[in-house]
Q: 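Please see the structure below; I have some questions.
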Amino acid sequence: MFALLSRIYHISNPPHATASPETKPLNFGSLGAAKITPGALVKPAQSHPEVVLYAVAARDAQRAEEFAKEHGFQKSYGGPTGYQDMLDDPALDVVYNPLPNGLHFEWTMKALDAGKHVLLEKPATNTAAEAAAIYALASRKNLVVLEAFHYRFHPAIQRVKTILDSGELGPIKTVKAALTAPEGTAPEGDIRWSYELGGGSTMDPGCYTLNVLRYLAGCNPVDVLTAKAVPYSTKPEHKQVDKMFWATLAMERESVGEIHSNLDEKKLWGIIPRIPKLSAIVECANGKVEIFNFLIPHFYHSITVSPAGKSRRVERAYSFKGIAKGEDWWTTYRYQLEAFVDKVQGRVPQTWLEADDTIANMKWVEAIYAKDGFGSRPASKYEPKQKMKRGVSVMRASGVIRLIAAGFGLTFMESYHSGPSSRNSAAAASLWLVIIRQTWHLSSAANIATRTQMSPRTQALLLFLSIVVATATRTPQTPCSQIQAEISPHSSVFFPGTAGFAADIAHFALSAEQNSTCSVEPATTEDLGTILSIVGKTRTPFAVKGGGHNLNPGFSSTAGVEISMTRFNKLVFVAASQTVEVGSGLIWDDVYAGLAPFNVSVVGGRATGIGISGYLLGGGYSYQTNEYGLAVDNVVSIELVLPDGQVQVVSQTSNPDLFFAVRGGGNNFGVATTFTLKTHAQGMVWGGSLTYNGSEMEAVTQALLHYTTSNTDPKTGLQCTYASLQGQQIVMVNIYYNAPTPAAGVFNKFLDIPAISSDVGTRSYYSLILSADTNLTAGFRGVYNTISHTAVTAGLTSAMINETMFYGSLLAAHTLVLNGYVIEPFIPAAYQKGRGAAYPPDNARSENIHPMNIYYAWVDPAADELMVNISRATANRLASVATQENILATVKYPNYALFGTPLEELYGENIQRLHEIALKIDSEGTMGLAGGWKL
Ligand SMILES: NC(=O)C1=CN([C@@H]2O[C@H](COP(=O)(O)OP(=O)(O)OC[C@H]3O[C@@H](n4cnc5c(N)ncnc54)[C@H](OP(=O)(O)O)[C@@H]3O)[C@@H](O)[C@H]2O)C=CC1
Ligand SMILES: O=C1OC[C@@H](O)[C@H](O)[C@H]1O
């Protein structure tokens, strides 16, 4: 009892800390004079020596002033510009954002734009897409954002996690969490009852229950099995505002989650208040653990551990007992503030919530709302300053999360645009894009066929499909419903209008996306086999999507059944063999991040967001190709579900023909589920991105020619892009060296040229991958084309510059967002690291292929055909120049080639062998129903 009273006393009267002379204190400002500010910031700040309560901003100036006086803020800002005025204050370091949920996105983006770190109240935003956009901006600006799930910083919940992780209770079976608040806690008119402001029980106590479920289960959900919600009132404005909800979720590791919250729990018989529910209970194979009051454990909590067959014990954890900072009386908010300040000050926080965590939580809040029919809270109308549009792009988080994110689309670096005209055109394009997107999604299959450059065969296929779809709507058993009936509960089918479906069909390039009849997320090879067998027997067109980065329409998208590989998300490093098993639904980001703790890496993609499977099935060029060869040269084995549903692990010894064919030969032979890859020791690397003004094109070209003719160092990697961004000429150079410092002089000529922006230095390999702004054009329409050359000459670069400038200025005023021509030089040694893959054919390896990426991104769907034709014309002209210069290589990189490219141009001497293998493996032609390079 004394301990309890002592804690309560100190929570209300914390000892005041004095600033330490060694560290610079941080000036905090609160956006809004919110009810939570005193508890979450003011009190904890009093005992934190590095936190200064610097300012508060409120819509009403007098209220701001009073609030500042009452809580000890040095300054106040008020009135209609008060929030922004505070953000513009150069002395402000950190923004605390406790605004209504629906305003979190706008004001966090504005705070980041103003260069401030943000402690952001939960739930981070109204949608997962907004959360992703916040973290994309924070990462670009190197600022800290933390979603204030304060309870996660307290020793109590961490103790529960430690017990579960220790294995004492065995594998987790179910996690149950509930939070209820008595009626009146959120009175009528509270922000929590406003749909526009992001209200609802699932958004408020509910987001904690979801968060604690994910944290204790140690994984994310894979499906919302059931969800039910009750509206706050019968008034029309509350139709989508839940006062309580229940949901059951299937979790990744075969556990089940049950969560519930009630923000307005009525009294029993109208008179007896109910005891609030505040517990999380985890049932495991060998026992159970329950934490009472996981939310605000600092007052009082209990952790009851009941191992099977042993006696029950009760634990409590108010501090880390000297292992980490803290006192028994520290509140969850105080622990949180400690970690947040540590992070901002560049120290290692005791614990942290990464972007992935926040984005996943929002994703599953939305999924619950989708399932119970209440729908996501409205996306903010705020258009971020630094982006032209809210695009759709595919983002991946912790290896298991996938969502549609507001592509942090086109970043208009201020320095590229001096006049107002470019901003006006950006705004116009933005509006246009929104309208186009909405109408495009209503387009029929036939429209897709005529608007995009598709072969008569594909058009016929689509026509056939429209008939199938039309018929299917009248018959009870469609391929989708058959799949739904036959797959296990681990796998899911999603239909249009659901969040799962939207995520499954999303592509990097909008022009590559198609509205499918349904999407399927198989979780097991058996289910995948069942799906292949159903689409094969019913002759249903389908597509297989890994990362969704393929720009060719119909390659990983379909009007039929979209198979999304997202649930094949395993990542297992095997130290003994120095290999890693990688699920084909992951993106390279997941792999790099997951392998970093082992100080190893793999030969993989050079840009963020690239999927494992498409990249590997096409060959795979990497920053590490000079040192270790192409990605296909580093594949040890591939688990494949064959077109007849059989599962086979294919390696050089088990099936040399298939092992040859799959590495570069695309999806003709089945669906890859797991790749086993060689890993290589990985320390810190050096490199990053340099962006130059067009006026430096000649200087950069000279540096490039010098580099390509003199460099033989296998630790190097480089990409040089001549681009026109909205009519503005620029050159972007990404450089890489596999050591903390580069060999003397290797990149000096590039570094000597004045750059508009430079982000080069010693960093982790994954940070290097993130440094290139390759999501600049996510969500626009796009086309890739390519030629391959064997060397870089002045004649070729000058032709590339001509093409860039000509089409850049011709089309900028109309629809073009960006065109880019990328030189990717490799040293001859790169091609000697492997042999015997479908791409590159062995005889072409001696040519020392440099694949050139030709990329156009635009807005108007009506320009699709024009852009494809331009990409053909420009590639043909560059091929002629390369021929004249005697540097044209014989094969093209499949992952850059435009649809319709003859297969001989990709596979050269391998074509006959590939045809024979495909015929043997897929005599029924099942894989021919999927798009891609079809043998
Ligand atoms: N971490 C935790 O334990 C808790 C977190 N929260 C979270 O903090 C946030 C704020 O909650 P709470 O403090 O209870 O809410 P309040 O209603 O007290 O605060 C919201 C603030 O937002 C400002 N505001 C700006 N625009 C609007 C608007 N259109 N309508 C209403 N308010 C507006 C107001 O500031 P001004 O007067 O300056 O205009 C107000 O002070 C929520 O995101 C909530 O989920 C809440 C409670 C506990
Ligand atoms: O964050 C919160 O924590 C406690 C809840 O009662 C409150 O509504 C919520 O906003």
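We count ligands from 1, going down the list as the structure has it; atoms in each ligand are counted the same way. These numbers come from a predicted model, not from an experiment.
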Q: Donor-acceptor pair, distance only, cut-off 3.5 Å: does the side chain of R59 make one with the backbone of P80?
A: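 No.
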
Q: Run the ring-ring contact (aromatic ring centres under 6.0 Å, His included) test on Y83 and Y77 for me, step by step, so that the C-alpha distance in whole Å, both residues' side-chain angles and the decisive distance to 0.1 Å come before the verdict.
A: CA-CA 7 Å; Y83 289 0; Y77 288 94; over 10 Å; no

Q: If the criterion is any heavy atom closer than 4.0 Å to an atom of ligand 1, which residues make the list?
A: G32, A33, A34, K35, I36, A57, A58, R59, R63, Y83, P98, L99, P100, N101, L103, H104, E121, K122, H150, I191, R192, L197, D204, Y208, Y333

Q: Do side-chain atoms of R192 reach the backbone of G200 as a donor and acceptor pair under 3.5 angstrom?
A: no

Q: Between F320 and H154, is the ring centre distance below 6.0 Å?
A: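 No: the rings miss the under 6.0 Å criterion.
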
Q: Using a threshold of 4.0 angstrom between heavy atoms of the protein and any atom of ligand 2, which residues qualify?
A: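 Heavy-atom contacts below 4.0 Å: K122, R192, D204, Y208, L295.
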
Q: State plainly whether the residues K110 and D88 are in salt-bridge range, i.e. N to O under 4.0 Å.
A: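 Salt bridge absent between K110 and D88.
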
Q: With the threshold set at 4.0 Å, does a side-chain nitrogen-carboxylate oxygen contact exist between E327 and R7?
A: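 So E327 does not pair with R7 through a salt bridge.
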
Q: Parallel, tilted or perpendicular: which describes the rings of W193 and Y232, with under 30° parallel and over 60° perpendicular?
A: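 Parallel.
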
Q: Could you tell me whether K122 and E147 have a side-chain N and a carboxylate O separated by less than 4.0 Å?
A: no

Q: Hey, which of L337, T332, L353 is the one that makes side-chain contact (heavy atoms from CB on, under 4.5 Å) with F153?
A: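 One option only clears the test, and that one is L353.
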
